[in-house]
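Quick notes on the structure that follows.
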Amino acid sequence: MADDTQRARAQDRPGYELPLLLFAGFRSLIDQLHAELARQGHPEVRPAYGFAMQAIGRDGATASELGRRLGVSKQAAGKTADRLEALGYAVRADDPADARRKVIRLTPRGMDSLARSAAIFEELRAQWAVALGPERLRDLEDDLSVMVPRGALRLDAAGWFGA
């Protein structure tokens, strides 16, 4: 009987609502993250910059690598790196393995932004656990893990939306 009730509830909504609700949940989390980052001293960080800093990572990246990781052109990645550099979140440095290449590296300010983001996401997850209940939240995460293909967690959202 419970399965029939769940199926009936699932059919109450049109199919297009699922991606809209998933996107709205994502957008809500990202908007709350950036509001809190601004309060904590990072008002200039935008979602695209967060994706770029994640793609640069601890080891750095060339503009070509950054472009591939974000799903954008090398030129677009270079412009993002320029902006991160102007804001003090990244620097370009010589590649010790190849003097002809420049590697984009995060500054201490960039690393601080990522560390604060991680802590804020933990707080936001805890808020969802209070609102939904810890078991329902775990079930939601488990269910989404089943539905998301392996390797689908990519940082190229900005490039994908812009395509």
Side-chain angles (χ1 to χ4, degrees), residues 16 18-129 137-163:
Y16 68 82
L18 177 60
L20 293 175
L21 288 168
L22 290 169
F23 180 71
F26 169 79
R27 177 71 191 258
S28 174
L29 287 168
I30 297 301
D31 287 348
Q32 290 175 67
L33 165 77
H34 285 278
E36 184 57 29
L37 271 177
R39 281 190 284 280
Q40 292 186 24
H42 295 280
E44 58 282 305
V45 174
R46 302 289 176 260
Y49 302 160
F51 284 115
M53 286 190 281
Q54 286 289 333
I56 293 167
R58 294 185 183 280
D59 297 330
T62 65
S64 294
E65 291 167 336
L66 181 59
R68 276 192 302 278
R69 293 173 188 172
L70 294 175
V72 299
S73 69
K74 177 182 175 181
Q75 292 76 17
K79 285 182 182 181
T80 300
D82 289 344
R83 188 67 183 135
L84 289 173
E85 197 168 13
L87 293 170
Y89 289 94
V91 294
R92 286 187 173 88
D94 291 332
D95 185 344
D98 184 347
R100 297 169 295 174
R101 292 184 350 154
K102 293 285 185 188
V103 176
I104 304 158
R105 298 198 185 283
L106 296 178
T107 63
R109 182 162 174 76
M111 296 300 287
D112 179 67
S113 173
L114 288 181
R116 288 176 186 270
S117 294
I120 294 165
F121 276 131
E122 290 298 323
E123 291 172 18
L124 292 171
R125 186 185 182 283
Q127 291 172 15
W128 279 45
L137 178 58
R138 261 191 311 278
D139 289 346
L140 173 62
E141 292 168 332
D142 291 345
D143 291 344
L144 288 171
S145 294
V146 169
M147 297 309 296
V148 175
R150 283 199 178 275
L153 293 175
R154 300 179 349 212
L155 298 173
D156 65 351
W160 181 76
F161 277 120

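Here, residue 1 is the first one in the sequence, and each next residue gets the next number. A quick note: this is a predicted structure, and the numbers were derived from the prediction, not measured.
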**Shortest non-hydrogen separation from Ala55 to Ala61 and the atoms involved** = O-CB, 4.4 Å
**Message:** To check you understand the geometry: which heavy-atom pair defines the closest contact between Ala77 and Ala63, and what is its length?
**Reply:** CB-O, 3.5 Å
**Prompt:** Less than 4.0 Å between a side-chain N and a carboxylate O, is that true for Glu36 and Arg39?
**Reply:** yes
**Item:** Heavy-atom donor-acceptor pair, Gln32 side chain to Ser28 backbone, under 3.5 Å
**Value:** yes
**Asked** Does the side chain of Tyr49 pick up a donor-acceptor pair with the side chain of Glu44 at under 3.5 Å?
**Response** no
**Request:** First locate atom OG1 of Thr62, then atom CG of Asp95, and finally report the distance between them rounded to the nearest 0.5 Å.
**Result:** 8.5 Å
**Request:** Given side-chain contact (heavy atoms from CB on, under 4.5 Å), test Arg92 with Asp82 step by step and report yes or no.
**Result:** CA-CA 9 Å; Arg92 286 187 173 88; Asp82 289 344; 2.8 Å; yes
**Separation of Leu33 CG from Phe121 CZ (nearest 0.5 Å)** = 4.5 Å
**With sequence neighbours excluded, residues passing salt bridge (charged side-chain N to carboxylate O under 4.0 Å, His left out) with Arg83** = none
**Message:** Please find the pair of heavy atoms, one from Ser113 and one from Met53, that lie closest to each other, and give the distance.
**Reply:** OG-CE, 3.7 Å
**Prompt:** If you measure from CD on Gln127 to CG on Leu137, what distance do you get to the nearest 0.5 Å?
**Reply:** 11.5 Å
**Asked** Between CG of Leu114 and CZ of Arg58, what distance do you get to the nearest 0.5 Å?
**Response** 8.0 Å
**Message:** Show the nearest heavy-atom pair for residues Val45 and Gly50, with the distance to one decimal.
**Reply:** CG1-N, 4.5 Å
**Request:** Locate the shortest heavy-atom distance separating Ile30 from Pro47; write the atom from each residue and the value.
**Result:** CG2-CG, 3.7 Å
**Prompt:** Side chain of Arg101, backbone of Asp94: donor and acceptor closer than 3.5 Å?
**Reply:** no
**Request:** Rounded to the nearest 0.5 Å, what's the gap from CE on Met147 to CG on Asp142? Could you check?
**Result:** 13.5 Å
**Qualifying ring pair (Phe, Tyr, Trp, His ring centres under 6.0 Å) pairs with a residue from residues 91-119, counting only residues at least two apart or across chains** = none
**Message:** Using every non-hydrogen atom in the two residues, find where Ser117 and Leu37 come nearest and quote the distance to one decimal.
**Reply:** OG-CD1, 3.5 Å
**Item:** side-chain contact (heavy atoms from CB on, under 4.5 Å) between Leu22 and Leu144, intermediate numbers included
**Value:** CA-CA 10 Å; Leu22 290 169; Leu144 288 171; 3.9 Å; yes
**Asked** Phe26 vs Phe51 aromatic rings, parallel, tilted or perpendicular, using cut-offs 30° and 60°?
**Response** parallel
**Asked** Heavy-atom count around Asp143 CG within 6.0 Å, excluding the residue itself: above 12?
**Response** yes
**Prompt:** Step by step, would you call Leu84 with Ile56 a side-chain contact (heavy atoms from CB on, under 4.5 Å)?
**Reply:** CA-CA 11 Å; Leu84 289 173; Ile56 293 167; 4.0 Å; yes
**Prompt:** Looking at residues at least two apart in the chain, or sitting in another chain, which of them share a salt bridge (charged side-chain N to carboxylate O under 4.0 Å, His left out) with Arg116?
**Reply:** Asp112
**Message:** So, taking the atom named CG in Asp59 and the one named CZ in Arg105, what distance separates them when rounded to the nearest 0.5 Å?
**Reply:** 7.5 Å
